[in-house]
Amino acid sequence: QVQLAESGGGSVQAGESLRLSCKVSGYIPNRYCLAWFRQPPGMEREAVASIDTATGSTYYTDSVKGRFAISHDNVENMVFLQMNGLKPEDTAMYYCAADRECTVILGKLWFGSSARWGQGTQVTVSS
């Protein structure tokens, strides 16, 4: 099965940048979806960005468009999230995740019960 491990979180001030990394290991299908989710304290988990490993197609939630960029290295089996211009509302636990497909319906990314999740890395942005 696919396993994921995130790193790169930390505490920064508004306007600064962070780069999150996720190592993907285990059994890796030829095509799958890699994504970053986040969960602010007391709120639901939401999809931030995703990338289809076969096509390179990406998805971003509206609140991060133009600031965040997802990318992957299919040789080293890693996925990254470059976060620029961070805002206090970006504060959350960030999770790397993988699923069979990137399914976006009505502007929302849906991961199924087969999805695998990393342990999370905390991002805290102060004003």
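The first residue in the sequence is number 1, and the count goes up from there.
A distance of 8.5 Å separates OG1 in Thr124 from CE in Met93, rounded to the nearest 0.5 Å. Atom OG of residue Ser50 and atom NE2 of residue His72 lie 12.0 Å apart, to the nearest 0.5 angstrom. Within the model, atoms CG of Leu81 and CZ of Arg19 stand 10.0 Å from one another, a figure rounded to the nearest 0.5 Å. Atom CD in Glu6 sits 5.5 Å away from atom SG in Cys22 (nearest 0.5 Å). Atoms CE and OG, from Met78 and Ser25 in turn, are 10.5 Å apart once rounded to the nearest 0.5 Å.
Here Glu44 pairs with nothing under the side chain to side chain contact (heavy atoms under 4.5 Å, CB included) rule; sequence neighbours left out. Scored by the salt bridge (Lys or Arg N to Asp or Glu O under 4.0 Å) test, Arg31 finds Asp52 as partners (sequence neighbours excluded). Residues passing the side chain to side chain contact (heavy atoms under 4.5 Å, CB included) test with Thr58 are Ile51, Tyr60, Ile70, sequence neighbours excluded. Every residue two or more places apart in sequence or in another chain was checked for a side chain to side chain contact (heavy atoms under 4.5 Å, CB included) with Leu106, and none qualifies.
In terms of modelled atom types and a separation under 3.5 Å, the side chain of Thr53 and the main chain of Tyr32 share a donor-acceptor contact.
In the hydrophobic cluster analysis, where Ile, Leu, Val, Met, Phe, Trp and Tyr join through side-chain heavy atoms closer than 4.5 angstrom, Val123 is grouped together with Leu34. Both Val64 and Val125 sit in one connected hydrophobic cluster of ILVMFWY residues. Membership requires side-chain heavy atoms under 4.5 Å apart, directly or through other members. Following chains of ILVMFWY side-chain contacts shorter than 4.5 Å, one cannot reach Leu18 starting from Phe37, and the two form parts of different hydrophobic clusters. By the criterion of side-chain heavy atoms lying less than 4.5 angstrom apart, applied directly or through intervening Ile, Leu, Val, Met, Phe, Trp or Tyr residues, Leu109 is grouped together with Trp117 in one hydrophobic cluster.
The shortest heavy-atom contact between Tyr59 and Ala47 is CE2-CB, 4.1 Å. In this structure, Ser126 and Pro88 approach most closely via the heavy-atom pair C-CG, 4.4 Å. In terms of heavy-atom proximity, Phe80 sits nearest to Ser21 at CD2-OG, 3.4 Å. Shortest non-hydrogen contact noted between Asp73 and Val75 is OD1-N, 2.9 Å.
Taking the ring centroids of Trp36 and Phe68, they lie at or beyond the 6.0 Å cut-off.
Using a 4.5 Å heavy-atom threshold, the side chains of Met83 and Leu20 count as touching. Counting only heavy atoms from C-beta outward, the side chains of Val79 and Leu4 never approach each other to under 4.5 Å.
More than 12 heavy atoms of other residues, nucleotides or ligands sit less than 6.0 Å from atom CD of Gln122.
Sorted by first and then second residue, the salt bridge (Lys or Arg N to Asp or Glu O under 4.0 Å) pairs involving residues 92-119 (not counting sequence neighbours) form an empty list. Residue pairs meeting the side-chain hydrogen bond (donor to acceptor under 3.5 Å, both in side chains) criterion with at least one member in residues 81-95, sequence neighbours excluded: Ser17-Asn84, Arg38-Asp90, Arg38-Tyr94, Arg67-Asp90, Gln82-Asn84.
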